[in-house]
Amino acid sequence: MESYLAELNDAQRAPVLQKDGAMIVIAGAGSGKTRVLTYRIAYLMSKGVDPFNILSLTFTNKAAKEMKKRISQIVGSSEAKNLWMGTFHSIFAKMLRFEADKLGYPSNFTIYDTQDSQRLISAIIKEMGLDKDIYKYKQVYSRISSYKNSLITVKAYFQNPELKEADAMSKKPRLGDIYKNYVDRCFKAGAMDFDDLLLKTNELLNRFPEVLQKYQNRFRYILVDEYQDTNHSQYLIVKALSDKFQNICVVGDDAQSIYAFRGANINNILNFQKDYDNVQLYRLEQNYRSTKNIVNAANSIIEKNKTKLEKVVWTANEDGPKIIVNRLLTDGEEGRFVASSIFENKMQNQLDNGSFAILYRTNAQSRAMEDALRKREIPYRIYGGLSFYQRKEIKDVLSYLRLLINPNDEAALKRVINYPARGIGQTTIDKLTIAANTYGKSIFEVIENLDHIDLKVNSGTRNKLTNFVNMIKSFSILNENADAFTVADTVAKKTGLVQDLKKDGTPEGVAKIENIEELLNGIRDFVEGQKELADATGSLAEFLEDVALATDMDKETGDDHVALMTIHLAKGLEFPYVYIVGMEEDLFPSGMSMNTRSELEEERRLFYVALTRAEKQAYLTYTQSRYRWGKLVDAEPSRFIDEIEGKFLDYMIPQDDYKYKPLIDTDIFGDVDKSKLRQTKPTAGSPPPAHKPSEEQLRKLRKLRPALDHTGQASIKDVVKLEEGNEVEHIRFGKGKVLKIDGIGQDKKAEINFENGGIKKLLLRFAKLKLLS
DNA sequence: TAGATCTGTGTTTTT
DNA sequence: CACAGATCTA
């Protein structure tokens, strides 16, 4: 039974074997913390702890699922099934459904996603007649979110003059009022936003001692993964639940705290030892994941941070190749480099696509990578970004489904009351909203009671409203007798959603119909799957609950693909080959996070996370110019590259001239063979070449570059304007005539018939051409 | 009222 | 560029 203990090293075994009490495990990157958590749970169960009494909180659903799987392998699946394991949000949503009535919520409350919340806030700002340029809904939303995460309720807000003053100072004196209206509206709609799931859990545990006791007794052993990323609200929940038995084990790494922007408080982990009696501290410092080069390079970065717990991450793994750094002209070329590098590595080392990950700071960067991978026919998958359930057509269907479960759901109703178009316009909706606010009812209820409410709408509109409500009601009735799939299928057809898309006929419309079909299939699968679980019914409400908190990461595809994701999403994952792209100032570190030391340190931790995902080889790339908000802008290499000790890096480009070189100077190489400028061509497996090139090497490299004189040289603008039929002159091929223009922007090519060279295809960006006519 | 078209505005990261 | 909101037209 306990043979698995032999699979742990001494440092890992110690926290596994401490059955009771409070403990903190500071686990360096790749040091096997998941292993410690799973084995600890298995050990507790082997010592007779009932799985019903174990609560394990993870950061993602995926992590929970994986841990459960691993535990099943050790203790058997029937036992593992009873563990409470999941994210804070999903576990406590479940608990809140059970206890909802105590807080005045229906048990079928809706969970608002960010978009729902933001739209509602936007509507409230408009209703209140406030200036939308001062009260920007996104800002207001994040302000409210941070209040909630700090447990500042509306009441607490108005009792705290400092907060009011702070908001008044930032020209938003009515923020408290918006907050109040927003909370009221959510309550009336029977809806909780993401932050409410934590805030209301706190409220529940605070206001109802008997509920607190019930769950304290239930969760005798609590484990929290990624503790460094907990916010105040989560911290208090954990504190309250563990207070009685104090059997709490938190695992984390302060060096990997990357969620301060959503309220994560690094002090939760730094101060843990003060929060409980006799806290045992364990450190996992041996990294099993990465090569020495990667581990040491990562250490050399994180050293630059001032706020940190002391720990030394080390590895017994081989040195491995150095980190390859490359500079590219544009984001398009960056993509092409990454794609061909992946292609070469795959061929040379017989690797599958799953060995590679491309990590970036912002979702928008995925585009260039996608394009390049697609051209190379390398299968890939984008994680995160817009999740399937957030797509317009999917959210439309889901909104109908939400509405038939909870007709008070304002966000859902507003979304679909006139989609597909049924003649209920903005004016009518405004009237409904006013009526709803004055009578303290939901919009749906207002329509239900049109006989008693003078809405000042004509009879046609009145009919349309009644028809809509009746349609939703008929769906509700159907839902009582039919399974979730049948209901969803009926909704998709009867509402005219699918018809509307069919009518549209564009490829996008077709894709949307396919997505809806996929959703319906998903619901069918869900219904089938739930039937096998004892405590589930496969109801529509269950499906919606599942979907509200599902993320893109959770979906398994089973095919072999290169993974593309933000660095945030990559936390906890590992890949043999990792490409970190967009290593540029203003992008990484983000321009929004360079103002304070702590923000910059978080960016640095993010870089640390990125690098430590790599097992064998890491690549860093940056560009000289990249498309941002639709325009090509100059970029500058990230300071983080310089922060890595040079001996861990292998530059593919000379390092003398990269700062602030505008495109036009560096790119017009004429017919100089660009590859000569590259010092080495990287091939994984071959011994890594020297570090930064020496001064002497640099001088040599510079000589390769011809002195460009700009006189007589066509400016890039002229060349880009080139049209078919133009006469041009090339420095070597002589005069010629433009036959054809291909491609756009940076990739624009011209087919030219030269007197001395015949027909050539030239990339205009590089071609040294003079426009003659 | 619907739908097309224009304008403006902002963009980090996520449960 | 991408999306939200405003404005215009039928």
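Quick note: numbers below take in every heavy atom, side chains included, and nothing from hydrogens, waters or symmetry partners. Just so we're on the same page: letters track the sequence lines, and every chain starts at 1. All values derive from a computational prediction rather than experimental measurement.
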Is the NZ or CZ atom of [X] positioned over [Y]'s six-membered ring, under 6.0 angstrom from the centre and within 45° of the axis?
{"X": "A/Lys494", "Y": "A/Tyr400", "result": "no"}
{"X": "A/Lys200", "Y": "A/Tyr105", "result": "no"}
{"X": "A/Arg604", "Y": "A/Tyr608", "result": "no"}

Validation row, ring centre A/Tyr227 to ring centre A/Tyr235 under 6.0 Å: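 Aromatic pair excluded; centres sit 6.0 Å or further apart.
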Centroid separation A/Tyr137 to A/Tyr135 less than 6.0 Å: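 No, they do not, as the ring centres are separated by 6.0 Å or more.
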Heavy-atom contact window of chain A on DNA chain C, given 5' to 3' at under 4.0 Å: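 Footprint of chain A along DNA chain C, 5' to 3': C/dC1 to C/dA6.
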Nearest-Å distance for atom pair [atom1]/[atom2], residues [X] and [N]:
{"X": "A/Tyr419", "N": "B/dG3", "atom1": "OH", "atom2": "P", "value": "10 Å"}
{"X": "A/Glu599", "N": "B/dT13", "atom1": "CD", "atom2": "P", "value": "15 Å"}
{"X": "A/Ile134", "N": "B/dT9", "atom1": "CD1", "atom2": "P", "value": "13 Å"}
{"X": "A/Lys62", "N": "B/dT15", "atom1": "NZ", "atom2": "P", "value": "12 Å"}
{"X": "A/Gln228", "N": "B/dT14", "atom1": "CD", "atom2": "C1'", "value": "15 Å"}
{"X": "A/Phe92", "N": "B/dT15", "atom1": "CZ", "atom2": "P", "value": "17 Å"}
{"X": "A/Arg613", "N": "B/dT13", "atom1": "CZ", "atom2": "P", "value": "19 Å"}
{"X": "A/Asp586", "N": "B/dT12", "atom1": "CG", "atom2": "P", "value": "11 Å"}

Where A/Ser399 and A/Arg415 come nearest, the two heavy atoms and their spacing: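 The answer is OG-CD, 3.2 Å.
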Would you please classify the geometry between the [Y] ring and the [X] ring as parallel, tilted or perpendicular, with 30° and 60° separating the classes?
{"X": "A/Phe88", "Y": "A/Phe92", "result": "tilted"}
{"X": "A/Phe640", "Y": "A/Phe607", "result": "parallel"}
{"X": "A/Phe526", "Y": "A/Phe543", "result": "perpendicular"}

Just compare [options] and give me whichever is closest to any side-chain atom of [X].
{"X": "A/Tyr259", "options": "B/dG3, B/dT12, B/dT14", "answer": "B/dT14"}
{"X": "A/Met592", "options": "B/dT15, B/dT11, B/dG10", "answer": "B/dT11"}
{"X": "A/Thr362", "options": "B/dT12, B/dT15, B/dA2", "answer": "B/dT12"}
{"X": "A/Asn363", "options": "B/dT11, B/dT14, B/dG10", "answer": "B/dT14"}
{"X": "A/Arg361", "options": "B/dT11, B/dT14, B/dT12", "answer": "B/dT12"}

B/dT14 pyrimidine/purine six-ring stacking with A/Phe261, under 5.5 Å and 30°: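 Check failed, A/Phe261 does not stack on base of B/dT14.
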Counting the atoms with a prime plus P, OP1 and OP2 as sugar-phosphate, which does [X] contact under 4.0 Å by heavy atoms, base, sugar-phosphate, or nothing?
{"X": "A/Lys138", "value": "sugar-phosphate"}
{"X": "A/Asn418", "value": "sugar-phosphate"}
{"X": "A/Arg367", "value": "sugar-phosphate"}

Short side-chain N/O contact from A/Asn231 to OP1 or OP2 of B/dT15, under 4.0 Å: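 For B/dT15, neither OP1 nor OP2 has a side-chain N or O of A/Asn231 closer than 4.0 Å.
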Within residues 424-431 of chain A: residues closer than 4.0 Å to DNA chain B (heavy atoms):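 Listed by number, they are A/Ile424, A/Gly425, A/Thr427, A/Thr428.
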Residue closer to the 5' end of DNA chain B, A/Lys464 versus A/His568 (nearest nucleotide):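 Upstream on the strand: A/Lys464.
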Upstream residue (5' side of DNA chain B) when A/Arg628 and A/Asp500 are each assigned their closest nucleotide: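 It is A/Asp500 whose nearest nucleotide is closer to the 5' end.
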base_contact_polar (B/dT13 base, A/Thr566 side chain, donor-acceptor, <3.5 Å):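 Looking at the base of B/dT13, it does not pair with any donor or acceptor on the side chain of A/Thr566 (distance under 3.5 Å).
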Worked verdict on A/Asn202 versus A/Ser233 for side chain to side chain donor-acceptor pair (under 3.5 Å): CA-CA 7 Å; A/Asn202 268 304; A/Ser233 199; 3.2 Å; yes
Non-hydrogen side-chain atoms of A/Glu636 and A/Gln624 separated by less than 4.5 Å: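 No; the side chains remain at least 4.5 Å from each other.
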